[in-house]
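Working notes for the structure below.
Since the structure is predicted, the reported quantities are computational estimates derived from the model, not experimental observations. Throughout, numbering of the chain's residues begins at 1 and tracks the sequence.
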Amino acid sequence: MKFDGKSEAHIRKIVDSQGNGISRRQLLRQLASVSLVLPLAEWKSLPVSAQIPIQHRTASQFGETAPAPPPTALSPEDDQFLDDLERSNFLFFWEQANPETGLIKDRCNVRTADTSVAASIASTGFGLTAICIAEKRGFISHQDARLRVIATLSFVWKKLPTHRGFFYHFANMNTGERIWDSEVSSVDTAILLCGILTCRQHFKDRDIVQLSRAIFDRVDWKWLSQDITLLPMGWTPEFGFLPSKWDYYSELMMIYLLGMGSSSHPLPPEAWSAWKRMTFEYDGLRYIGSFAPLFVHQYSQAWFDFRHKRDEYANYFQNSATATEVHRRFCVELAKTFPDYSDDLWGITASDSLNGYVVWGGPPATGPIDGTVVPAATGGSLPFLTDATLLVLKNIKARYPQAWCRYGFVDAFNPLKKWYDNDVVGIDTGITMLMAENVRTSFVWDTFMKNPEAQRGMATAGFKLDNPAAPKS
């Protein structure tokens, strides 16, 4: 790949762009559309041990990996901290929704009376799962939870605009109307479907079961695949399919697994092997990754239970544990430049910043990292690196009270610049709440995996129990 200053400047312009109304996936798509020049250039500035091998390797060829965490034994203090966090997170999904449509805001300003009407289907998917957690824990009554879920699923089935069963990324929370010329999004539809399937298994209510099945079976995965194995990121009525494909390891796993688990319009088994699994190495640790922030290691694993399982390539739970440990070490190393980073204050993933929405993280160092801390980076990795992530989250709440609000943590803050975000973002609040519950009880994993679609998808992809003692062929 040839590198030049013009390309690098163009990528920096994209990464530094202010994100009013733009999503992390749109920013990543823009980066992918030009090149990977900037991440590769910055990667070379890291120690030799951090540079990526050029060749593609399967997980069976991996060297050292971070050990899978043992079953989590939380102290009463830690469990109470997570309970308080989940209660606060849930309030966002309950209060920042239209109770008639069930659609939940993409984000809200917690410093003023928020009057925005932009909902996201991903936020709604996280919110449906949050309702299941809240009902289980007694945050709300069974009847209130059931009625809200039925209202949401009824609106999604009957009124929310759809194309071949897929939904637009952003919608007016009061009408369901598409906003911002957003795309029909494959990954955001997948997140919504995961929330819907969680509700189906948790409530086991006739109306919820019927609506869930109808919504899921309407999704035409074969249309999305266009008779090829790589799936596009989306579609618009103005331009058709987006040119960007789900072709490298990322949060894409949930899309492919749901598609292969469909009984009405299934993806072929070979779709699972179509996307690339690049290996990275940092500080002696190797893992499958991509040039993207930490959230790509988290989202699919909020619902799909990859613990003690592997396909022919990897144990993806252990892979995410390794990626999280790598990110922790990367942030601590950055303390030479940004002294706020430390063992008890780290975590960078796509988020708000003083200069707008930014896709940043590493390694390799991506985006204009400036010392900002993103609580969802550690919140979303609670099951992977429990002690280290809990240390950070408890430290933030104790030492940085402006980073805490009615709905939990604000999206981001920068202690060096004394900047604290005004907003809470639905998907970041959601990944934190779901992973907090998973590390406490594995409730979301256990509930979601009862769905035959989830079981069928993982079986079709070739997942088997991972026995580390067994010899690898």
**Shortest non-hydrogen separation from D188 to S185 and the atoms involved** = OD2-OG, 2.5 Å

**Message:** Quick check: do K397 and V392 have side-chain heavy atoms less than 4.5 Å from each other?
**Reply:** no

**Asked** Would you say the side-chain atoms of T441 and E437 include a donor-acceptor pair closer than 3.5 Å?
**Response** yes

**Asked** Nearest 0.5 Å, what's the NZ-OG1 distance between K204 and T447?
**Response** 8.5 Å

**K222/D220 ion pair, N-O < 4.0 Å** = no

**Item:** T124, L211, L153 screened by side chain to side chain contact (heavy atoms under 4.5 Å, CB included) with I196, the one that passes
**Value:** L153

**Prompt:** Any donor-acceptor pair under 3.5 Å linking the side chain of R206 with the backbone of Q210?
**Reply:** no

**Request:** Could you verify whether a donor N or O on one side chain and an acceptor N or O on the other, from S262 and E453, lie under 3.5 Å apart?
**Result:** no

**Request:** Check whether any side-chain heavy atom of R200 lies under 4.5 Å from a side-chain heavy atom of K450, and answer yes or no.
**Result:** no

**Asked** Would the H163 and W223 ring centres measure less than 6.0 Å apart?
**Response** yes

**Prompt:** Within 45° of the six-membered ring axis of Y316 and under 6.0 Å from that ring's centre, is NZ or CZ of K309 located there?
**Reply:** no

**Asked** Any ion pair linking R107 and D411 (charged N to carboxylate O, less than 4.0 Å)?
**Response** no

**Asked** Can you find a side-chain donor-acceptor pair between E177 and Y168 that sits under 3.5 Å?
**Response** no

**Asked** Does a side-chain N-to-carboxylate-O contact under 4.0 Å join D83 and R87?
**Response** yes

**Asked** Under a 4.5 Å cut-off applied to non-hydrogen side-chain atoms, are F203 and V149 in contact?
**Response** yes

**Prompt:** Is it true that a side-chain atom of S351 and a backbone atom of A412 form a donor plus acceptor pair closer than 3.5 Å?
**Reply:** no

**Prompt:** Would you call R277 and E312 a salt bridge, taking side-chain N to carboxylate O under 4.0 Å as the test?
**Reply:** no

**Message:** Nearest 0.5 angstrom please: T432 OG1 to L434 CG, how far?
**Reply:** 9.5 Å

**Message:** Is there a side-chain contact between L231 and L252 in this structure, where contact means two heavy atoms from C-beta onward sitting under 4.5 Å apart?
**Reply:** no

**Request:** Count the heavy atoms belonging to other residues, nucleotides or ligands that lie under 6.0 Å from CD of E100, then report whether that count exceeds 12.
**Result:** no

**Request:** Step through it carefully: locate the ring centre of F126, locate the ring centre of F93, and say whether they are under 6.0 Å apart.
**Result:** no

**Prompt:** Closest approach of V424 and F92, non-hydrogen atoms and distance?
**Reply:** CG1-CD1, 3.9 Å

**Reported CG-to-CG distance for the pair D84 and N89, which is rounded to 0.5 angstrom** = 10.5 Å

**Request:** For W221 and Y256, run ring-ring contact (aromatic ring centres under 6.0 Å, His included): C-alpha distance rounded to whole Å, both residues' side-chain angles, the deciding distance at 0.1 Å, then the answer.
**Result:** CA-CA 9 Å; W221 302 97; Y256 284 90; 9.1 Å; no

**Message:** So M449 and F304, do their side chains get closer than 4.5 Å, heavy atoms only?
**Reply:** yes

**Request:** Establish, yes or no, whether a centroid distance under 6.0 Å links the rings of Y249 and Y287.
**Result:** no

**Request:** State, with a plain yes or no, whether a side-chain heavy atom of Q226 is found less than 4.5 Å away from one of F241.
**Result:** yes

**Asked** So, the side chain of T129 versus the backbone of G125: is there a donor-acceptor pair under 3.5 Å, distance only?
**Response** yes

**Message:** Could you check whether W404 and F409 have their ring centres less than 6.0 Å apart?
**Reply:** yes

**Asked** Taking NZ, NE, NH1 and NH2 as the nitrogens, is one of them in K276 or D247 under 4.0 Å from a carboxylate oxygen of the other?
**Response** no

**Prompt:** Does a donor on one side chain sit under 3.5 Å from an acceptor on the other, for T324 and S381?
**Reply:** yes

**Item:** Distance-only polar pair, side chains of D446 and S442, donor-acceptor under 3.5 Å
**Value:** yes

**Request:** Test W272 against F463 for ring-ring contact (aromatic ring centres under 6.0 Å, His included), laying out the working first.
**Result:** CA-CA 11 Å; W272 186 247; F463 278 91; 5.7 Å; yes

**Prompt:** Less than 4.0 Å between a side-chain N and a carboxylate O, is that true for D114 and K105?
**Reply:** yes

**Message:** With no hydrogens and no angle check, just 3.5 Å: does a side-chain donor-acceptor pair link W360 and S353?
**Reply:** no

**Atom pair CD1 (I431) and CD (E251), whose distance is rounded to the nearest 0.5 Å** = 10.5 Å

**Message:** Restricting to non-hydrogen atoms, name the atom on S186 and the atom on M233 that form the minimum distance, rounded to 0.1 Å.
**Reply:** OG-O, 2.9 Å

**Side-chain heavy-atom pair I133, V444 within 4.5 angstrom cut-off** = yes

**Request:** Evaluate ring-ring contact (aromatic ring centres under 6.0 Å, His included) for F306 paired with F317, printing each intermediate quantity in order.
**Result:** CA-CA 5 Å; F306 292 97; F317 184 91; 8.8 Å; no

**Side-chain heavy atoms of F448 within contact of C194, under 4.5 Å** = yes

**Request:** With rounding to the nearest 0.5 Å, note down the distance linking CG in L128 to CG in L193.
**Result:** 10.5 Å

**Message:** Could you tell me if E183 and T236 have a donor-acceptor pair between their side chains, going purely by distance under 3.5 Å?
**Reply:** no

**Minimum heavy-atom distance between I288 and H297, given as atom pair plus value** = O-CE1, 3.3 Å

**Item:** Spacing of CG belonging to D79 relative to CZ belonging to R440, to within rounding of 0.5 Å
**Value:** 4.0 Å

**Asked** Sub-3.5 Å donor-acceptor pair from the side chain of T366 to the main-chain atoms of P364, do we have one?
**Response** yes

**Message:** N414 vs L354, test: side chain to side chain contact (heavy atoms under 4.5 Å, CB included). Steps then yes/no.
**Reply:** CA-CA 8 Å; N414 190 318; L354 184 60; over 6 Å; no

**Message:** Any carboxylate oxygen within less than 4.0 angstrom of a Lys/Arg side-chain nitrogen, looking at R146 and E135?
**Reply:** no

**Asked** Counting N and O atoms only, with roles assigned by atom type, does the side chain of R111 sit under 3.5 Å from a partner on the main chain of D421, one being a donor and the other an acceptor?
**Response** yes

**Message:** Check this for me, if you would: do K394 and D78 make a salt bridge, where the nitrogen-to-carboxylate-oxygen distance has to be below 4.0 angstrom?
**Reply:** yes

**Item:** Where S263 and R456 come nearest, the two heavy atoms and their spacing
**Value:** CB-NH2, 3.7 Å

